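Before any comments, here is the structure.
Worth saying up front: this structure is predicted, and the values here are computed from it rather than measured. Each chain gets a letter, A, B and so on, in the order its sequence line appears, and its residues count up from 1.
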Number of protein chains: 2
Amino acid sequence: MTLKLDKVNRGPHLSTLVASSISREIAQGRLKPGDQLPTEQALATTFGVSRNVVREAIARLRSEGRIWSQQGRGAFVTDANNPTVLTIDYEALQRADSFRSLFELRGILEVQAAALAARRRSEADLAAMGEALAGMRAAPYGSVAWLRSDLEFHRTVAEATRNSYMGQFLVFVSERVRESILAAGNQQKSDDMARITLGEHERIFAAIRNGDVEGAQAAMRDHLAGAALRVGLHDGEAAEVAVPAKEVASPVRHSRLRKAVRARAGG
Amino acid sequence: MTLKLDKVNRGPHLSTLVASSISREIAQGRLKPGDQLPTEQALATTFGVSRNVVREAIARLRSEGRIWSQQGRGAFVTDANNPTVLTIDYEALQRADSFRSLFELRGILEVQAAALAARRRSEADLAAMGEALAGMRAAPYGSVAWLRSDLEFHRTVAEATRNSYMGQFLVFVSERVRESILAAGNQQKSDDMARITLGEHERIFAAIRNGDVEGAQAAMRDHLAGAALRVGLHDGEAAEVAVPAKEVASPVRHSRLRKAVRARAGG
DNA sequence: CTTGTAGTGTTATCATACAACCCTGATTAA
DNA sequence: TTAATCAGGGTTGTATGATAACACTACAAG
């Protein structure tokens, strides 16, 4: 039987929680550019953690360019709110809700990419897709070669959109998703899956080849729904991502973190 | 006259130096994927710093996805070594085709964000959107206040998707687009435009409020089509554009760590 | 008005201790 | 023999306190 082990999802480090919390304060505007953060000591007591943890969190935010600090003065929110680089926090992805969000974003990009590809694909694109499919057929399901061909197929679809940024973003997001899946490592393989997955890809390919925009979207959507199941997400696109945002305007919102901390300490 | 003094470039933090040094070991292959790093204590003594500094460095590398650590075992070099940051070359955006591509990507994200928002928005979201709209009504078209409210509206829509990555990506893309538009500076203002633009936003808002998914998508699509016209793009959805984007990696350069550490130790 | 100086608050770093956890190997029970 | 249990050492995660380096302010002295 298959053992549906819940990935021992040990909560991320405290410093991660603190960093996320501060990040959120900034993102939601409660900390504006130029504002000075509370002192490390103050943050430590508010969060109920040691100053050391706060420092690790700040070190991360600093490296991400979100804040900037100077000895003897304090830490400040970076003025330029237009980061020139986009990063995805690796640890945050270990959390199920984050993973689901990224998976959803990937889905949106893939589906629309399929639509664009159906409109704009060239003969060369189709040839490349066919080659990738052949690679998948030849390799055993789940093998390195199989994964490479899988990735290659999606890459060629992205390329067929004739939108370079689409490709860039898609590859970026997909890589993060793939990493996270591999890290979890809770995927079972079977011959059935190989057949099913291959079929999904072939339908996408056929629709794109025929210039069938809606068909390509639908096929890609099916593929992603299947992929979601295969990695243990009970189909996305429902409302389970929707955390009831009962956020009341409060000066600072750390109560959840505190609770998390308590829970860790208690358990 | 003005003195033009060079900003006193105080050396970076020790944790930064340590992180860079470890990073370089990885980049240059002396630490291969899967390898275990020396213990924090060992690193501390070799670098001549406290374990605390080493931990801050490791926290950064961990958040960048370069290494991965587990309590009781140790820290290891991450398997995947692909880029963890996404950058958009500013100069490339000056080219019309690149700009069009990014605009198209933004459109895809915005339209799907509107759809998700229509499904998941909370009362608080609606209130925030309404506030942003009020801000737009109050400010003169094209003014700083107007732009801020405009941005704020789109941000609240992104937030209402309950998908944090959606917001991150959208803000990132929109900022690049906005910069590019401002740089071009070829936009004319008129009262008509104010009225039209405001109307577009209000239709988006109404659809999201009513939970009308298709309506929200359509309204957002209209809005973007209008925006495209206003910035001089003859409606998107054309088929010309290709071009590989320039990928930029950021090498890090420092041979100073050891020296700096020595200096500290010696002095 | 300028300069020196003490005082206070903050970050940067160090040092130490303990808790939580993994791994290994010995010991014990079946 | 085999499996389970337990003890010990090693490692990371967190807490705590202390010290050094630096920025800012106020005030006194010139």
Side-chain angles (χ1 to χ4, degrees), chain A residues 7-22 34-63 66-78 90-91 94 257-258 260-267, chain B residues 7-22 34-63 66-78 257 260-267:
Chain A
K7 176 95 343 225
V8 194
N9 203 356
R10 191 192 344 285
H13 299 158
L14 284 183
S15 58
T16 305
L17 294 178
V18 171
S20 309
S21 185
I22 296 178
D35 278 3
Q36 178 167 10
L37 273 75
T39 69
E40 294 180 350
Q41 188 56 54
L43 286 173
T45 59
T46 348
F47 286 126
V49 301
S50 84
R51 205 186 132 213
N52 227 319
V53 169
V54 172
R55 280 194 58 78
E56 284 184 20
I58 288 186
R60 284 180 39 164
L61 295 176
R62 203 170 35 215
S63 86
R66 289 192 146 85
I67 71 175
W68 144 90
S69 67
Q70 186 179 1
Q71 178 172 143
R73 289 229 297 157
F76 305 83
V77 179
T78 309
Y90 187 77
E91 289 182 60
Q94 304 309 106
L257 173 56
R258 273 263 197 56
V261 171
R262 295 265 165 67
R264 276 174 63 85
Chain B
K7 196 101 356 214
V8 193
N9 199 1
R10 191 188 348 281
H13 300 157
L14 285 183
S15 59
T16 305
L17 296 177
V18 171
S20 303
S21 184
I22 297 177
D35 280 2
Q36 177 166 10
L37 274 75
T39 70
E40 295 179 351
Q41 188 55 56
L43 287 173
T45 58
T46 41
F47 285 128
V49 300
S50 83
R51 199 186 139 209
N52 228 319
V53 169
V54 172
R55 279 194 59 79
E56 282 185 20
I58 288 186
R60 280 180 45 162
L61 296 176
R62 200 170 38 214
S63 85
R66 291 194 147 83
I67 71 174
W68 151 91
S69 68
Q70 187 178 1
Q71 180 173 138
R73 287 230 298 157
F76 306 83
V77 179
T78 309
L257 173 56
V261 171
R262 295 264 166 67
R264 279 178 61 86

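- For A:Val53 and A:Gly72, each mapped to the nucleotide of DNA chain D holding its nearest heavy atom, the one lying further toward the 5' end belongs to A:Val53.
- In this entry the distance linking CD1 of B:Ile67 with C1' of D:dG13 reads 14 Å, nearest Å.
- A:Pro38 pairs in a side-chain contact (heavy atoms from CB on, under 4.5 Å) with only one of the listed residues (A:Leu43, A:Thr45, A:Val54, A:Ile22), which is A:Leu43.
- The nearest whole Å value for the distance from the CD atom in A:Gln70 to the C1' atom in C:dG9 is 14 Å.
- When rounded to the nearest whole Å, the span between CZ of B:Arg73 and P of C:dC23 equals 5 Å.
- In this structure, A:Ser50 does not reach the D:dT14 phosphate: none of its side-chain N or O atoms is under 4.0 Å from OP1 or OP2.
- For A:Leu14 and C:dA20, the CG to P distance is 13 Å, given to the nearest whole Å.
- Under the side chain to side chain donor-acceptor pair (under 3.5 Å) criterion, A:Thr16 pairs with A:Arg60, A:Glu91, not counting sequence neighbours.
- Atom P of nucleotide D:dA21 and atom NE2 of B:His13 are separated by 15 Å, given to the nearest angstrom.
- You won't find any donor-acceptor pair under 3.5 Å spanning the side chain of A:Arg51 and the base of D:dG17, going by distance alone.
- Looking at heavy atoms from C-beta onward, B:Ser50 lies in side-chain contact with B:Val53 at the 4.5 angstrom threshold.
- Of all nucleotides listed (C:dA12, C:dC14, D:dA23), C:dA12 comes nearest to the side chain of A:Glu40.
- Computed from coordinates, the A:Gln71 CD to D:dT19 C1' distance equals 12 Å when rounded to whole Å.
- Between A:Ser69 and the phosphate of C:dA12, there is a side-chain N or O to OP1/OP2 separation shorter than 4.0 Å.
- Atom pair A:Asn52:CG and C:dA15:C1' shows a separation of 11 Å (rounding to whole Å applied).
- Distance CD1/A:Ile67 to CG/A:Asp35: 12.5 Å, rounded to 0.5 Å.
- Counting to the nearest Å, the C1' atom of C:dT11 and the CD atom of A:Glu56 are 16 Å from each other.
- Counting heavy atoms from C-beta on, the side chains of A:Ser15 and B:Arg55 never come closer than 4.5 Å.
- The side chain of A:Gln41 places no N or O atom within less than 4.0 Å of a non-bridging phosphate oxygen (OP1 or OP2) of C:dT10.
- For B:Arg55 and D:dA15, the shortest distance from a side-chain N or O to OP1 or OP2 is not below 4.0 Å.
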